[in-house]
Amino acid sequence: MIYAVVNQKGGVGKTTSAVNIAACAAGMGNRVLLVDADPQANATSGILGRERLGPGALTTMDVLLDGASVAAARMATVVPGLDLIPSGPDLAGASVEMVGRVAREGLMRSALAGTAAEYQHVFVDCPPSLDLLTINALVAADRLIVPVQCEYYALEGLSRLMETIGEVRARLNPALVVGGLLLTMHDPRTRISGEVVGEVRTHFPGLVLDAVIPRNVRVTESPSFGEPVVRYDPNCAAARAYTEVTEEVLARG
Ligand SMILES: Nc1ncnc2c1ncn2[C@@H]1O[C@H](COP(=O)(O)OP(=O)(O)OP(=O)(O)O)[C@@H](O)[C@H]1O
Ligand SMILES: [Mg+2]
């Protein structure tokens, strides 16, 4: 199963969710691949511990556009069972370079086609845009996870995203399913958080995952140690919520 973690709105918790759900899925005994499809490379730096990418490391760019195999580009992470195809700044040019390619929307789908033989789950961390890189993830994916931050303007952009998902489904990937909207950075002390939860559940009945990720300082600390929070502090509230979300996402199938 290939999951894309997508929302063109920035800073809503895509990378945090991709990294932690992938880590939880691996912790449950699955072989899992995380694909960093964001030139910002936050997922890459957030999961490699003290390691740094070597100068010759292959990245998602090489896999999508230069014919590098998943087997050649993947690397082990701090989480047993979880491999990573890293990103780097070179990926910033990917969207532009893709434009000139044949079947440009299907490059990621082709590149990941063989992964099912080895991995039970693949998670793709998308950039905050609806550019060709994200479209490639939508075409490659079976399921989408859409993080929604419990803040003002949470719904902003969601209808545009749903339209894009509809177009991709109609033309390129009929099997694409929204696996769940995931409410992130919930703060029970603020009224807005509760309002957003209510609003999103009303607008998208049946699509919102039950588990809600609380705002938690341990989440902000963990990337500087190169670890997902579910490993950095498995008992904190956010880590426990990510475990619940992962069970829910995998159970939805
Ligand atoms: N549950 C949480 N509690 C506290 N801080 C959080 C939580 N989830 C995410 N954050 C913080 O919010 C910021 C944005 O999160 P993240 O990088 O996961 O979002 P993103 O959607 O991937 O951003 P971008 O659009 O730039 O790729 C980060 O600094 C992250 O540490
Ligand atoms: Mg991100």
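Atoms within each ligand, like the ligands themselves, are counted from 1 in listed order. By convention here, the first residue in the shown sequence is residue 1. FYI, side chains are in, hydrogens and waters are out, and symmetry mates aren't considered; it's all heavy atoms of this structure.
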Does ligand 1 have an atom under 4.0 Å from some heavy atom of Ala18?
no
Can you check atom 2 (C) of ligand 1: any protein non-hydrogen atom closer than 4.0 Å?
yes
Which of the atoms in ligand 1, numbered in the order shown and given with their element, are less than 4.0 Å from a heavy-atom of Pro214?
1 (N), 2 (C), 3 (N)
Report yes or no: does Asn216 have a heavy atom closer than 4.0 Å to ligand 1?
yes
Any non-hydrogen protein atom below 4.0 Å of atom 5 (N) of ligand 1?
yes
Test: Arg240 and Glu244 ion pair at under 4.0 Å
no
Just let me know how Thr16 lines up against ligand 1, side chain, backbone, both or neither, with a heavy-atom cut-off below 4.0 Å.
both
Examine ligand 1 and decide if any of its atoms is less than 4.0 Å from a heavy atom belonging to Gly11.
yes
Only heavy atoms of Val12, strictly under 4.0 Å: list the atoms of ligand 1 that pass.
19 (O), 20 (P), 21 (O)
Residue and atom name of the nearest protein heavy atom (relative to atom 26 (O) of ligand 1), distance in Å to one decimal
Gln40 NE2, 3.2 Å
Look up atom 13 (C) of ligand 1 and tell me if a protein heavy atom lies less than 4.0 Å from it?
no
Of all the atoms in Gln40, is at least one N, O or S atom closer to the Mg ion (ligand 2) than 2.8 Å?
no
For Gly13, the ligand 1 atoms whose distance to one of its heavy atoms is below 4.0 Å
15 (O), 16 (P), 18 (O), 19 (O), 20 (P), 21 (O)
Between Asn7 and ligand 1, which residue portion shows a heavy-atom distance shorter than 4.0 Å: side chain, backbone, both, or neither?
neither
